[in-house]
Amino acid sequence: MCGIFGLITKKQDVPVARLIREGLQRLEYRGYDSAGVALVNDGNIELHKEKGKIVDINKNGALDNLKGNFGVGHTRWATHGPPTAANSHPHMDCKGEIAVVHNGIIENFQELRRKLTERGHEFKSETDTEVIPHLIEERIAEGDDLKTAVMNAVKVLEGAFGIVVCHAHTPDYMVVARRESPLTIGITPGETTYCGSDIPAFLPLTRNAYILDDDEIAILKPGEVDIFTLDGERVERDYITVQWSIDAAEKGGYDYFMHKELHEVPQKVREQVRMPQENIDAFARTIMEAEHVYITAAGTAFYACLAGKFQVTRFGKIYIQAILCSEFRDALEDAIPENSVVIAVSQSGETADTVEAVRYAREKFNAKVCSVVNVVGSSLTRYSDHVIITTAGPEIAVASQKAYNTQVTALTMVALRIAELKGYLDKEEVQKYKQAALKVADVCDEIIENEDHIKILAEKYAKKPNFYFLARGVSLAAACEGALKLKEISYNHAEAYAAGESKHGPIALVEDGFPIVFIAPPDSTYDRLIGNVMEMKARGGIILSVVSKDDEKIKELSDDIIPIPHDDDPYIIRLSAVMYVFPLQILAYFAAVHNGFDPDKPRNLAKSVTVK
Ligand code: M6R
């Protein structure tokens, strides 16, 4: 997730560079590890890009002083390649005449890069983006105008993109295109046209906006926009007039960042499923070659570990020991055997206990470290042998949700790769599981589209002081995460237990009206879970169950259900972890709002816990 802002205007004496820099700053919540601006100036491209925050990069006016009539800027959230000047956007072609900014992930960039290199192109960065200006360069060399060149170039891209392209020798327009990544256009008719990843970028300048659909490109001229499909057919569309305040616009029209980010979960899961195979490979092989595997994290990330460890055991037949990072050292004092691997999972990559756990294992016992991290270049990545970057992008709400779901998805992809490498699954079956993982994202789309049902339930249960969350198997991770979410943002006391454990103590608290949330996918745990539901019901418990849409038995025993709209397909059922936890995160969100709390900033909590 990155921020893009560009403008082209007819007005004379407009501080184009400063307006682009200010637009980028309004998008810094989308990414802030490096930034750059390119302007078209009299047949040349003026470019400045650097690592760091925009305010620091522009300290001596490095961005504001760029000369030119129109152009584009980018604030980066690193995915491919660490945050460095070379990896910052805009990226250029060999001749330095085409500047491209990009938000998204080009899945086939390695193959494209290899072919372009064979044809003599020189690359200056490690990014996936850089293939785009080189592809456009080739098309222009073959005689295409800029519009046709971009159209032809994006046709060969696989993955997600929102791009803006400027060409030194095309002085009257720039081109934008998108697929699965956001890109909006703002317009003051007859005068100025803007483009931005989100509407807030241009909201102080205009309230008129065009929203591009997938696989559309647009030609931006001063105060004029022409939209086309990738096949060149003109699209007739009027701009809309946005009524949001800037604050609401930053939240995409939602009341809270958490709500906006919950709506982003399906797409982020999709991007994680499609992450490059190479990223998974070294990770999977390292785990396979180890004699002992540990997995560690804190909070929600630890529950992602529980789900992930279950999948690695299920598919790859490797037992992994999960240890909370704050307990890691005490639990394993002087007892980490040779040839061990520690998997560490973290959104921030800065959680002090997680970093300390891996350093302890690495420095004292020579253990290998594989981490699943959301922030490129964070401390944890520096102590890791192999890193998988999650596709969550910046998460503003303190409560993890995009991060959790992409962490579980990433670990599931690792589990499938191990199974393939060990010969437990053939290529075809792995493909079926990947298709199922993409269907999981579609199911999450349906869940969030029908969030009103969850809202009604949240309002019904929000004032209950105590909850149990019960489940078996992989769903225990969902129970733990569901309880933590409710606790951390809605301040209801909630405890998660393995359902079989509930009769060894917890059941003593159950009386008339005590709410119990059951997570009950139709997997091998289902029949045993029915017994636990009955035990709770017999003691007056109110049962809220998360079940398949086709469920009959547990539905009949429950007071309320959240139906999960998935097929009766064994592949998708084995990937239940994400789609059965997602509604619980939504439930916690609506409970918090109903109880009058700000879910983005829960009391006493910080997004990144850097103290031990
Ligand atoms: O940045 P990390 O993923 O390492 O953070 C770990 C926990 O602090 C974090 O998951 C915390 O539990 C969240 N607030 C949960 O929503």
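Positions are given from 1, in the same order as the sequence printed here. One-based numbering, in listed order, for ligands and for the atoms of each.
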Do the numbers put R603 on top of the ring of Y491, so that NZ or CZ is under 6.0 Å from the six-membered ring centre and no more than 45° off the axis? yes
Salt-bridge criterion met for K268 and E271 (N-O under 4.0 Å): yes
In terms of atom number and element, which parts of ligand 1 are under 4.0 angstrom from non-hydrogen atoms of E488? 13 (C), 14 (N), 15 (C), 16 (O)
What are the two closest non-hydrogen atoms of A86 and S125, and how far apart are they? O-CB, 3.2 Å
Salt bridge (Lys or Arg N to Asp or Glu O under 4.0 Å) contacts touching residues 467-483 (sequence neighbours left out): E481-K485
State whether E264 and K260 are salt-bridged, where the test is any N-O pair (Lys NZ or Arg NE/NH1/NH2 against Asp/Glu carboxylate O) under 4.0 Å. yes
Is there a salt bridge (charged side-chain N to carboxylate O under 4.0 Å, His left out) between D560 and K460? Walk through the geometry before answering. CA-CA 10 Å; D560 292 295; K460 172 175 171 184; 2.6 Å; yes
Residue portion contacting ligand 1 (non-hydrogen atoms closer than 4.0 Å) for E350: neither
I'd like to know whether ligand 1 has K485 as a neighbour, heavy-atom separation below 4.0 Å. yes
Show which atoms of ligand 1 fall inside a sub-4.0 Å distance from at least one heavy-atom site of T351. 1 (O), 2 (P), 4 (O), 5 (O), 6 (C)
Quick one: which ligand 1 atoms are inside 4.0 Å of a heavy atom on V398? 14 (N)
Hey, which atoms in ligand 1 end up nearer than 4.0 Å to a heavy atom of S348? 1 (O), 2 (P), 4 (O)
For G299, the ligand 1 atoms with a heavy-atom partner under 4.0 Å come out as 12 (O)
Check V373 against Q347 and note the closest heavy-atom contact, atom names and distance. CG1-O, 4.2 Å
Close-contact set for ligand 1 against Q347 heavy atoms, below 4.0 Å: 1 (O), 2 (P), 3 (O), 4 (O)
Which of the numbered atoms in ligand 1 are under 4.0 angstrom from any heavy atom belonging to S400? 15 (C), 16 (O)
Any atoms of ligand 1 less than 4.0 Å from a non-hydrogen atom of A301? List them with their elements. 3 (O), 10 (O)
